[in-house]
Amino acid sequence: MSAPRKLSNPHEIPTRRILISDPSDLPLDYGTTPGGTIFSTTPGGTRIIYDRAFLMQMRNSPHAKTPPRNLPKIPGVTSPADAEQTAKRNQVNGENNHDKPHDADEPQFEMDI
Amino acid sequence: MASAEPAKQPQESPLEAAAVKTEEEKDEAAGAAAAKLDTDDLKYIKHPLQNRWALWFFKNDKTKTWAANLRCVSTFDTVEDFWALYNHIQVASRLQSGCDYSLFKDGVEPMWEDAFNKTGGRWLINIQKQQRHSDLDRFWLETLLCLIGEAFEEDSDEVCGAVINVRGKGDKIAIWTHDCKNSDAVIRIGRKFKERLNLPPKFVIGYQAHTDTMSKSGSTTKNRFSV
């Protein structure tokens, strides 16, 4: 017959605490569970879904302020076709400013209590 | 007696003040640390997309072949890189007539003949000439956000890409899907697309199979579905 079953002693799941003093200390997968989902996924899946509000909020991210590397020069698309078009484009960009998100979280003034 | 009271007060208040200040300082320090991490996160960590996407530009130059007029502008796979591209290219309404933008999953070419597209079709939005200035850029950006944000959830796997045609006779925006026979997914995508563009219920949009568009005899293609 088989030997009687012997239960091993319970152990705690090993964890460690790391003090983060600089963003570069963050591991690349800090928001993930191994083999599982990351912070912006749907429950039960691994699809990365972003809603409209979040995407719009990222529009003025520091990363988005410079054009992508190796952007080809296509007149009228990635570079102005002529001076007049540049002026027009700037005007259009100006008109579009109103749908850029405001810093709603920024207090307008500080108050001493 | 009278002289003792003023002496008592200054003894108490510095102690009280010191205790309050310490608590405030603690809170302030913790708050500042949290705020710093938040800001730095946004600065350094880009937000990955489910898919890598390629933006294509087509210019109608009749001296060249259709394929020679098609050019990949850039690819991206993070939210920030999408905006870096979008913020530095011309808006669709300012393109010359006869030009297209296409956004397709990386590896899929923006043409019917591509293996991922040829069994599929498109939800087509016809845009009235007078809507170009009010709606065209808004609709196109919304379409792009639907694609990169995976707005169609599990049906997003059916999505191939989207195309905008800038034409004097009327602009068009379409979302291309992989399989025109997958009717449930096609209809769900169409409904969501219409909802995200905020189109009125009476504005009906149609889905056309690419094979029907290619073999059409007249100027109109029959709709396989409409929502």
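To find a chain, count down the sequence lines: A is the first, B the second, and so on, and within it residues start at 1. Computed from heavy atoms alone, side chains included, the values below leave out hydrogens, waters and symmetry copies. Predicted, not measured: the structure shown is a model, and the values here were computed from it.
- The side-chain heavy atoms of A/V77 and B/Y101, taken from C-beta on, include a pair separated by under 4.5 Å.
- Other residues, nucleotides and ligands contribute at most 12 non-hydrogen atoms within 6.0 Å of the NZ atom of B/K64.
- Taking the salt bridge (Lys or Arg N to Asp or Glu O under 4.0 Å) definition, one finds that B/D179 meets it with nothing, sequence neighbours left out.
- The side-chain heavy atoms of B/H47 and A/Y50, taken from C-beta on, include a pair separated by under 4.5 Å.
- For B/K59, the NZ atom sits in a loose shell: 12 or fewer heavy atoms of surrounding residues, nucleotides or ligands are nearer than 6.0 Å.
- Considering all non-hydrogen atoms of both residues, B/S74 and A/L71 come closest at CB-CD1, 4.3 Å.
- Counting only residues at least two apart or on different chains, the salt bridge (Lys or Arg N to Asp or Glu O under 4.0 Å) pairs with a member in residues 138-149 of chain B are A/R52-B/E142, B/D135-B/R138, B/E142-B/R196.
- In this structure, CG on A/D51 lies 11.5 Å from SG on B/C146, to the nearest 0.5 angstrom.
- Of all heavy-atom pairs between B/P48 and A/I48, the closest is O-CG2, 3.4 Å.
- Side-chain atoms of B/N87 come within 3.5 Å of backbone N or O of A/R59 as a donor-acceptor pair.
- Side-chain atoms of B/W83 come within 3.5 Å of backbone atoms of A/L55 as a donor-acceptor pair (strictly under, hydrogens ignored).
- Contact between B/V73 and A/P72 at its shortest, heavy atoms only, is O-CD, 3.1 Å.
- One finds the CG atom of B/D81 at 9.0 Å from the OG atom of A/S61 (value rounded to the nearest 0.5 Å).
- For the atom pair CE (A/M58) and OG1 (B/T78), the distance works out to 11.0 Å, reported to the nearest 0.5 Å.
- Within residues 106-115 of chain B, no residue approaches chain A closer than 4.5 Å by heavy atoms.
- Atom CD of residue B/E150 and atom CZ of residue A/R47 lie 5.0 Å apart, to the nearest 0.5 angstrom.
- Between the side chain of B/E80 and the backbone N or O of A/H63, no donor-acceptor pair lies under 3.5 Å.
- Neither the backbone nor the side chain of B/F76 comes within contact range of chain A; no heavy atom of the residue lies under 4.5 Å from a heavy atom of that chain.
- Residue contact with chain A, scored on non-hydrogen atoms closer than 4.5 Å, involves the side chain of B/V79 exclusively.
- The two residues B/E153 and A/I49 make their nearest non-hydrogen contact at CG-CD1, 3.7 Å.
- Rounding to the nearest 0.5 Å places CD of B/Q90 at 10.0 Å from OG of A/S79.
- Residues of residues 154-178 of chain B having a heavy atom under 4.5 Å from any heavy atom of chain A, listed by number: B/E154, B/S156, B/D157.
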